[in-house]
Amino acid sequence: MKIVKTTAEILSLLNQYNKKKSIGFAPTMGALHEGHISLIERSKKDCDITVCSIFVNPTQFNSQEDFKNYPKEINADILKLQKANCDIVFIPEKSNLYSENEKAREYDFGILSSVMEGKYRIGHFNGMATIVEKLLNIIQPTKAFFGEKDLQQLQIVKELVKKEKMSTEIIGISTIRELNGLAKSSRNKLLTVKQKIEASLIYKCLCYCKENKSLGITKLKDYISTIFNKNNYVALEYVEFVSLKTLQPIQSWNEDNTNAICIAAYVNHVRLIDNIIL
Ligand code: PAF
């Protein structure tokens, strides 16, 4: 596996490949887990060359504390990528991607970015899209892989690629879970064993809704609020029942597999998100 640290290096490396070779790309912020590795595996299946980037992007954090605390495990990450047979890992410095004092670009993703994460993490999607746009422009991948756990991010990246007329195909990959159902996330590394057990409440609620879809959205929403209110460890930030495509709230179910329930919750200071498509 080639480890590349500058934009000039990755451009020159990718230039050496035959233009007919397809490039698969998995952008990450490191602290890699099985969810990330599943992106690499899918890329290996679909494409000739797999590139993974590791960059904790400062412009997408709306709290300095969150940015500082974000887990960093670069040596372990490199070993995991080697084991997964990733071809290239790109680990740039901030100065390689941003000019001094550069801020996130201001995008207009319309209704897609005004709800849920967009409402609670002001500026997050501008920062995320800024870095994704930069990375896609550098790597010019045939396909780029994003986890479905960050459902709103996935839909916004699809919109970004459409708006910017990029040729990369954006592929969503199913969420990988702990045995107790908790969605794999780099942030889980900040949780104790007990907190991880408590955090599985999020997925349990999502599954309850899937199994009891016929109760209707109002009753299911009340059910989730009640369950979280009774729990002393997991604090609900929002639960939204939305249309998968537009991410706008729904009052009744659309066709099967076009609805999603999205939850954001805090366990202590750690913010977790998850969703289910139904
Ligand atoms: O999902 C993430 O880890 C990040 O938002 C991404 C896509 C790597 C951009 O920084």
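Only a predicted model underlies this, so the values are computations on that prediction, with no experimental measurement involved. Note that ligands are numbered from 1 as they come in the structure, with each ligand's atoms numbered from 1 the same way. Atom set for the values below is all heavy atoms of this structure, side chains included, hydrogens, waters and symmetry mates excluded.
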Q: When you measure from the side chain of Ser43 to the backbone N and O of Leu39, does any donor-acceptor pair fall under 3.5 Å?
A: no
Q: So which bit of Thr28 gets within less than 4.0 Å of ligand 1, heavy atoms only: side chain, backbone, both or neither?
A: backbone
Q: I'd like the name of whichever of Pro27, Ala26, Pro58 reaches closest to atom 8 (C) of ligand 1 through any heavy atom.
A: Pro27
Q: Indicate whether the side chain of Thr7 and that of Asn96 have a donor and an acceptor atom separated by less than 3.5 Å.
A: yes
Q: Below the 3.5 angstrom mark, is there an N/O of Gln153, backbone or side chain, next to an N/O of ligand 1?
A: yes
Q: Minimum distance, heavy atoms only, to atom 3 (O) of ligand 1: which one of Lys134, Met29, Lys149, Gln60 is it?
A: Met29
Q: For ligand 1, which atoms have a heavy atom of Ile131 less than 4.0 angstrom away?
A: 9 (C), 10 (O)
Q: Could Lys134 and Tyr98 be counted as a cation-pi pair, given that NZ or CZ must be under 6.0 Å from the ring centre and within 45° of the axis?
A: yes
Q: Find out whether the Lys NZ or Arg CZ of Lys194 is both under 6.0 angstrom from the six-membered ring centre of Tyr233 and within 45° of the ring's axis.
A: yes
Q: Would you say the side chain of Tyr17 lies within less than 4.5 Å of the side chain of Ile23, judging by non-hydrogen atoms?
A: no
Q: Met128 heavy atoms, cut-off 4.0 Å: which ligand 1 atoms fall inside?
A: 5 (O)
